[in-house]
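Worksheet: one structure, shown below.
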Amino acid sequence: MKAVALIIVMLLCPGAATWAQETEEFLGLPQWSAQELDAMRQSDGGAVKPSPLWPGIAADVSGMSQGFILGAASSQADSPEAQQPHTDVSKFLPPALIIGTRDRRAAQMAQRQQAHTLREVDPRFLLEVEGLPPGQHLLDPSHQLPEVVRDDLERFLESHARDARVALHLLVLPPDQKLPSAVNLAKMAQGSLLQKDCCLAVCPLGEPWRLRLFMSSAVRDRVPTAELSQIIDDAIRGAMQTMDSEEQLHRLLIRLSIRLFWLEPSLADPVAITETIAKALPSKTEAPALLEITGTEVHEPGLAPWSSLTWAAALFLVVALGFLMVQRWRRYQLRHCEWVLPEPPAARPRFDCPHGATVAMIHYQ
Amino acid sequence: MSCPFCGAYPPATAAFCAACGFSLRSLQAVVGEHRVQLADSLIDPAKTLRLTEFQDLSHHVDEFERRFPQVKVTVFLGDLPTGVDARGAAIWLVNQGAVTRQGVPHPAEWTVALIINPSQSHASIGVGYALESLLPAEKITELLASVSHHLRHREYGRAVRGLLNSCQQCFMGAGKPRARRLPDARASEGDHLGLPPMKAEAREPAEPSTFF
């Protein structure tokens, strides 16, 4: 019905169709002739600016300098990424730095996959560690970490040291090296590790499972060994959640920082407790200031009696449980069984008693 | 076997003890030759037990007989006729008592008779020939001595319960268990459904006081 009405209106008013045609021509898209296009292409960015909307302009954009476009995907202007505004902050960094970082990460990954034998760090490495400034928390004398990452970790460690009772230090080793067994940790960073309670984490780059943790003796004496072992396990577990070696260090330090904060209730009233321990255990004062915590160590000589007591309690529980089960079994037998007594041999009646003549009596008063 | 009264050792088949003259006939001359029906397991003419204690002890005796269906237990707490002590009463009850189960006479050789005479402070246990290997006279004396403190304190219910438990231990060590066929295998006469009988009214008319 509407179509019929529209036809009737157009037949009655021929001017209406003419108006619609004129409006379409007025609002149409721009159209250029071939001469105009050639003229615009020959001009050096004259009237028409290079735009992704311009047909065939991709070839011109691909000819731009590669220095400001990162990654292989962004070098193709036809890709969707190229048609959207870039927000990558790495545009503002020198390309050499970014490309170098990428190559170094790839090299680290390749190196990690190769089996290597551990060797002890050079004496020069240790000398450099000892010569580091006292206030430094991140000890990376061999410059394993990029400068940006190093500053980031150092800021994190400084902020932790400001708020926490136990300062956290990180010594970064090359992946294929380890600390010698006779290393003197007291000399590290010009002896600054001994000035207050601290925790030194020694971690090879990219191999967090080789993490070693050293605690001040005061901390070690006040905190149970099992709890300290849990710190190592938790830190390694957190670091192993990623494959990137620098991210591993980030996660490692975050876990350690959290755990050190958790330890603080155990370290309350340090002066009195330290004095008490020093009086009770004089041999402890001769121990090194930094003691290593191992993840697998659970038992402690001082806890041996408790463990034996625990075993005794468990054994007692098992025996008690067995006794109860035997009692229940006997009750079950009493309720659900009847006993058949053996048939006696034929007895000779005595004292003229046909059925029985066995008797006993007591006088109970 | 020694004489239960004087401890002498007469010949094995002697009809009477040559030392003291004991024989069943001497007891029958005092108490009588009639047989008595042991329908009730617990007889308390002296009223030494409270009602709840009596019911609990009756249930305990019934349970004992369910566990050992060959054994018949009779507990008597009361005064005895003149001229008969608890020892003679136990022997008389073992030999003159009669029990029928499901219409079948129960062999008296499997009888255990426990006699407690509160007025004379005597307690005795007599057993039939079938049980004398399991409960010899020495063992019976030992069991009675173990509950003597209860008897001294007039705790007869505890004493009887303790004696039954001790006998149960002895029998369980010698017997072989088997699954119980019915929840209440020891039904009284005429009760073929295996239900426990009602108390005194439902049982066989028995006159406990007429035992002695």
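This is a predicted model, so every value here is computed, not measured.
Once rounded to the nearest 0.5 Å, the distance linking CD1 of A:I362 with CD1 of B:I116 reads 9.0 Å. Here CG of B:L135 is found 9.5 Å from OG1 of A:T358. Values are rounded to the nearest 0.5 Å. Atoms NE2 and CD, on A:H355 and B:Q96 in that order, are 7.5 Å from each other to the nearest 0.5 Å.
When the options B:R178, B:K176, B:M172, B:Q70 are evaluated for a side chain to side chain contact (heavy atoms under 4.5 Å, CB included) with A:W339, the one that passes is B:M172.
For chain A, no part of B:L143 is nearby; none of its heavy atoms comes within less than 4.5 Å. With a threshold of 4.5 angstrom between heavy atoms, B:A113 does not approach chain A through any atom at all. With a 4.5 Å cut-off on non-hydrogen atoms, B:E138 does not touch chain A at all. Only the backbone of B:S2 has a heavy atom closer than 4.5 Å to any heavy atom of chain A. With a threshold of 4.5 angstrom between heavy atoms, B:A14 approaches chain A through N, CA, C or O but not through any side-chain atom. Residue contact with chain A, scored on non-hydrogen atoms closer than 4.5 Å, involves the side chain of B:V71 exclusively. Of the two parts of B:L114, neither the backbone nor the side chain holds a non-hydrogen atom closer than 4.5 Å to a non-hydrogen atom of chain A.
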Discussion item. Run A:F351 and B:F16 through ring pair (Phe, Tyr, Trp, His ring centres under 6.0 Å) and show every step you take.
Written reply: CA-CA 5 Å; A:F351 305 122; B:F16 59 93; 9.1 Å; no

Worksheet entry | B:L144 vs A:Y364, side chain to side chain contact (heavy atoms under 4.5 Å, CB included): CA-CA, chis, key distance, verdict | CA-CA 9 Å; B:L144 289 171; A:Y364 55 82; over 6 Å; no

Worksheet item: Would A:V359 and B:V127 count as a side chain to side chain contact (heavy atoms under 4.5 Å, CB included) if you check the C-alpha gap in whole Å, the side-chain angles of each, and the deciding distance to 0.1 Å?
Response: CA-CA 6 Å; A:V359 68; B:V127 297; over 6 Å; no

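Note: B:A123 leads B:A123, B:C17, B:A86, B:S133 in heavy-atom pairs under 4.5 Å with chain A. With chain A as the partner, the residue from B:P136, B:S121, B:S148, B:G175 showing the most heavy-atom pairs under 4.5 Å is B:S121. Looking only at heavy-atom pairs under 4.5 Å with chain A, the residue among B:D85, B:L24, B:N95 that has the most is B:N95. Ranked by non-hydrogen atom pairs under 4.5 Å with chain A, the options B:A174, B:P4, B:G97, B:P107 are led by B:P4. Per-residue heavy-atom pair counts under 4.5 Å with chain A were compared for B:L134, B:V94, B:N117, B:V147, and the maximum is reached by B:V94. In terms of non-hydrogen atom pairs under 4.5 Å with chain A, the most contact-rich of B:T141, B:I91, B:I125 is B:I125.
Not counting sequence neighbours, B:Y9 has no partner by the ring-ring contact (aromatic ring centres under 6.0 Å, His included) test.
Counting non-hydrogen atoms of neighbouring residues, nucleotides and ligands closer than 6.0 angstrom, the CZ atom of A:R330 reaches no more than 12 such neighbours. Within a 6.0 Å sphere centred on NE2 of B:H153, other residues, nucleotides and ligands contribute 12 heavy atoms or fewer. Sparse packing is recorded around CZ of B:R158, with 12 or fewer heavy atoms of other residues, nucleotides or ligands lying under 6.0 Å away.
For the pair A:C353/B:W92, no side-chain contact is recorded, criterion being any heavy-atom separation below 4.5 Å from C-beta on. No side-chain heavy atom of A:P354 sits less than 4.5 Å from a side-chain heavy atom of B:Y129.
A donor-acceptor pair under 3.5 Å is absent between the side-chain atoms of A:D352 and the main chain of B:R25, judged by distance alone. Using a distance-only test at 3.5 Å, with no hydrogens or angles considered, no donor-acceptor pair links the side chain of B:H122 to the main chain of A:M361.
Contact check on B:E132 versus A:R350 returns a salt bridge, with a Lys/Arg side-chain nitrogen under 4.0 Å from an Asp/Glu carboxylate oxygen. Taking 4.0 Å as the cut-off between side-chain N and carboxylate O, B:R66 and A:E338 do not count as a salt-bridged pair.
Considering all non-hydrogen atoms of both residues, B:I140 and A:A360 come closest at CG2-CB, 3.5 Å.
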